[in-house]
There are 2 protein chains.
Amino acid sequence: MESGTSAKSTSRPTKVHQSYSFDDAVGWRRWRALRPCLGMYHDVKRRLPYYLSDITDAFTYRCIASTVRMYFVNLLPAIAYTLDMYRQTGAFFGINEALFASSLAAVVFSIFGAQPLTIVGVTGLISLFNFTIYDIISIYDVAIYPQFMAWVGIWAAIFHWLVAVFNACDYMRYVTDFSSESFGMYVGIIYLIKGVEELANEFTASRSNAAGFLACTIAILYFGTVYSLEKLGSSTVWKAGFRGFLADYAYVFATVFWVGFSHIPGTIQQTHIERVPVVDAFQPTQPRSWVIDFWNLEGRWIAVAIPFGFLVMLLFYYDHKPGGFHWDFFLLGCTTFVSGILGLPLPNGLVPQAPVHTDSLTIYETTVKIIPTSEGEQTEIRRPIVHATAVVEQRVSHLLMGLALIGTMTGPLLAVLHTMPAALFAGVFFVVGWGSVSTNGILHKAIFLQREERFIQRDEPLLAVRRRKIVLYIGLQMLGVAACVAISHTLAAVGFPVLIMLLIPLRILVVPRWFTLHELQVLDEFTATNDIVLASLGGMPQLPEHSRAEDWGLERRRSETRHGVHRQRAGSFQV
Amino acid sequence: MESGTSAKSTSRPTKVHQSYSFDDAVGWRRWRALRPCLGMYHDVKRRLPYYLSDITDAFTYRCIASTVRMYFVNLLPAIAYTLDMYRQTGAFFGINEALFASSLAAVVFSIFGAQPLTIVGVTGLISLFNFTIYDIISIYDVAIYPQFMAWVGIWAAIFHWLVAVFNACDYMRYVTDFSSESFGMYVGIIYLIKGVEELANEFTASRSNAAGFLACTIAILYFGTVYSLEKLGSSTVWKAGFRGFLADYAYVFATVFWVGFSHIPGTIQQTHIERVPVVDAFQPTQPRSWVIDFWNLEGRWIAVAIPFGFLVMLLFYYDHKPGGFHWDFFLLGCTTFVSGILGLPLPNGLVPQAPVHTDSLTIYETTVKIIPTSEGEQTEIRRPIVHATAVVEQRVSHLLMGLALIGTMTGPLLAVLHTMPAALFAGVFFVVGWGSVSTNGILHKAIFLQREERFIQRDEPLLAVRRRKIVLYIGLQMLGVAACVAISHTLAAVGFPVLIMLLIPLRILVVPRWFTLHELQVLDEFTATNDIVLASLGGMPQLPEHSRAEDWGLERRRSETRHGVHRQRAGSFQV
């Protein structure tokens, strides 16, 4: 997440105006809500000086590479989520809606966003949200689903605006890895389940077992291809540039190859596996006009939509983490409003796409760190260390990507989409889901607990924490994850943002009673640690455990000293 | 290979009687052929004193674990090769023949072998050999195939006995990793191809695409399961004992799970994938008596069988590498003779089963090597080093495994075999084939060439060799591999042992002209380096490049100093 927000800091002086803060204010000025728009004003004021350079900085190769890569990394998961949503909302949300929503968000945020690298689009969670509401509505009257969804969007937009205007985004700074990791694990598990569901659907939809098993084969091999290419990219084989190329375009290569594979004449082609369903260019999937007749909804249903709108806002609040929080959250309200009345899936902050976008614009340098040992000459250990030397921060790659998405809504490119087997998107779910689970801090701590102690390096900070405390910590996290996963398969699924949000007060108010300050400093870290982000959020949060920012995240800090920064891959989630 | 032959040396004094050697002899005594049976006599004399302890040493847990593991590691590939041979020899060689041949070899070698850990059984190469002869014979008269094969066996047996009696096994000591690695690579590639062919067969044999694609899914996931379990086994997670347990029984767990999976009621069961074809207990697959009427073959066909018999001997010569070479090769002649007249696939030395057998009996200890660095306190590097502390060398586990194979020929256990999907054996081919390719020295050198030089540790011996010399070296090896793979798909496939054998004179006579002695010492090593093995082969070979044994295999030596010995996994081939 961090990397989606901190870009310009690596190429610009990091001195940040601490002009926006309530912590040192006195009297009525201490109350956020009494000074409306202050956060938005400062966000815009902080960014405006860079607007020109955000365009002129774009004329580099990295900007082109980034556009190509982001197009695939944004499009493929969006289609995957949409296939799922399409089936489960009576074909209301289709490919054209997803493309429209993605491109709308890309154009708006690239031009007006305070943090232009933040990618906003269609997520798996909004898909879950939309079809759960469909299930609820269809108990009463499925015909009002479009209007009801429009009102959910309208209410959500209103809540967004309220939050942005009254500076309530500041509370985001209390989010720590405790809840971020839980959320990442939850999302990863849901995606893996979605991948399996997608394959199971192939058996029923095509009514052919051959198609089902072929779909399984393609999905597994697609996963293996992306995974292997990304592994190769982080090895020390070949030149750094070529390795980066392989890893950057892992999705592109894998997609082109396996789409081609699914069309090999003979047995494979004759199996007729499911393809991505498309309709005419620029048309809604359902026979309707783009603007939903949201005015034709009974008042009581409009009222029912209020809590749903609030839940959407809560989810988006948690999911959106740009540098200019207040302003961008206001913008997100605008896209939510437009998407709502057009019957599009509501776009929100995309992870891992946002950090991957920053990664695709980062100029990395791998150097070798030579550590002499006591074993004698020529036995020194040579360890690759990755440094980020600069980020090409600009608005152009994001805008071009948005325009490419609009282009995809034209007839010829829709025809290309239609050649893609649905099975491939089960593979996408596996890549994204496994990426989220395997890079998750909860899993890392669990593996630490399982490792033989004698092989653990002595400077590992987790060694300073008693084992049962680590068990308790990840146990609390997994409790949250399990609760979320469990309700995701019921009509209560729309409530999962509440569960996720509850982890924040749990962490701030309850958890400190069970752990010492030092234990928490090792186990946890503030998710927003970057100066630019904190400037937007009103500075470093004041916690019951008073301490400085440098004292936190000891584990991550140690890893970065030893191995350098981690590159963000499409398959590596970090919420 | 090494580990299949050197067992007792770790628990016994390594002083070996150098009484058998022609190198220092003078006059007519220098001629091997003039002193028949000398090698066999010394082999038996060397081993006999240990015979009692080979039985009494067996009462340990390792012996039980070894029996279970070897049963699976021997049985599964044997069935895999037999499925292939069954289809391609007009169903002449079936499961019962393979079981009979495996158990015959196990019983004979466990009781009479000079090196009781050497596993002998059905290999993929004899399968290739048998069906190529079938293709050749069926051009003329397919009815004489059984008798012709019997005569190939008889002639091969005679050649075995001649080689053993006239001490010709000594030439084995000239084999270096140059040809061993080529052979390993060739075998690996052939097995991977066989895996694909096995899956392709599923489509035609079951005439159902669903069965074909389900087979692909099972084979890939079976491969993934064994591979992941073995990876986990060599990690530092969990206690050493539990890790070893996972890795030891990786095949067992994967097989039980995926056989079960293939019987899940519903879609999977209804797909009716191919199962292992079995016949009645203890009966030949064809309606015939066990003894082939080899006397009913025209004289000219008996003569034609002579070169084929010689080729079999050549293959077995190359493939068999025990401690008591002369005596065991004589024994192998006996099993070849019996198998020939009974119409069984001729058993020969099994790789990786033989080294895996040693591994399964080895008591390993993993210690931590602490390397202080100059980075300050607590930054020392902790590296796991694996030591082999003892080998439970005995004859009992081998014998029990043979008896279990006989047991498998009974009705109830044949019924169990019949529940196994053929697709699983495609997975076995992938595991064994990929194991052979991925651990191959040719691939390691190729990867070395591709690595970024700055990340290579300075004490890497390959750095002392010019890059184009390494390219030339592995180029020559790959030429041999490519030639073998190419002819394997033609009727000339029976000639591949000749090609493999030609690599030995190429290495000894031609290669030294293009490389300096030191380059060869880094790149190459004698395949037989163990004192016990060399004692049987008449001592260290005298090469044009005079040098001591310690000067060879610099690369392997360095790796063992740094990381300890490598454990032998079922999936890791080392011919």
Side-chain angles (χ1 to χ4, degrees), chain A residues 199-200 203-204 208-221 224 235-240 242-243 266-268 270-271 273 366-384 446-460 463 561-562, chain B residues 199-200 203-204 208-221 224 235-240 242-243 266-268 270-271 273 366-384 446-460 463 561-562:
Chain A
L199 291 178
F203 285 92
T204 46
S208 141
N209 287 346
F213 291 125
L214 174 57
C216 293
T217 308
I218 289 180
I220 295 166
L221 293 175
S235 72
T236 56
V237 170
W238 298 308
K239 297 273 168 244
F242 186 68
R243 286 201 302 268
T267 307
I268 293 170
Q270 285 155 21
T271 302
I273 51 175
T366 310
T367 57
V368 56
K369 181 175 181 185
I370 298 175
I371 308 164
T373 68
S374 60
E375 295 219 311
E377 257 179 76
Q378 297 198 327
T379 61
E380 81 276 7
I381 287 156
R382 303 174 83 84
R383 194 181 272 160
I447 290 176
F448 168 82
L449 288 175
Q450 299 298 321
R451 288 189 63 196
E452 263 199 274
E453 203 170 324
R454 57 190 175 138
F455 297 127
I456 299 167
Q457 307 296 340
R458 288 305 103 177
D459 57 346
E460 166 65 58
L463 283 175
T561 318
R562 293 173 70 93
Chain B
L199 292 178
F203 285 92
T204 47
S208 142
N209 287 346
F213 291 126
L214 174 57
C216 294
T217 308
I218 289 180
I220 295 165
L221 294 175
S235 72
T236 55
V237 171
W238 298 309
K239 296 274 168 244
F242 186 68
R243 287 201 303 269
T267 307
I268 292 170
Q270 286 155 21
T271 302
I273 52 174
T366 310
T367 57
V368 56
K369 181 176 179 181
I370 298 175
I371 308 165
T373 69
S374 60
E375 294 218 310
E377 257 179 77
Q378 298 199 324
T379 62
E380 80 278 5
I381 286 153
R382 304 173 83 84
R383 194 180 273 159
I447 290 174
F448 168 82
L449 288 175
Q450 299 298 321
R451 286 187 64 194
E452 264 201 276
E453 203 173 322
R454 57 191 175 136
F455 297 128
I456 298 168
Q457 306 296 341
R458 287 305 103 177
D459 58 346
E460 167 64 59
L463 283 174
T561 317
R562 292 174 71 94

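Here the structure is a predicted model, which is why all the values come from computation and not from measurement.
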Query raised in the report: Residues two or more places apart in sequence or in another chain: which of them pass ring-ring contact (aromatic ring centres under 6.0 Å, His included) with A/Phe203?
Result: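 Listed in chain order: A/Phe213.
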Query raised in the report: What pair of heavy atoms forms the shortest contact from A/Ala219 to A/Leu199, and how long is it?
Result: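 Result for this residue pair: CB-CD2, 3.9 Å.
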Query raised in the report: Which bit of A/Ile220 is near chain B, if near means a heavy-atom gap under 4.5 Å: side chain, backbone, both or neither?
Result: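 Just the side chain, heavy atoms under 4.5 Å.
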Requested in this report: Under 4.5 Å heavy-atom distance to chain B, tell me which part of A/Leu449 shows up: side chain, backbone, both or neither.
Outcome: neither
Query - Separation between CG of A/Asn209 and CD1 of B/Ile268, rounded to the nearest 0.5 Å - result: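 Atom-to-atom, A/Asn209:CG and B/Ile268:CD1 are 9.5 Å apart.
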Report task. Identify which of A/Leu214, A/Val368, A/Thr217 forms the greatest number of heavy-atom pairs closer than 4.5 Å to chain B. Result ->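 Between A/Leu214, A/Val368, A/Thr217, the count favours A/Leu214.
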Query raised in the report: Who pairs with B/Ala211 by side chain to side chain contact (heavy atoms under 4.5 Å, CB included), at least two apart in sequence or on another chain?
Result: B/Glu202, B/Ser206, B/Ser208, B/Thr271, B/Ile273
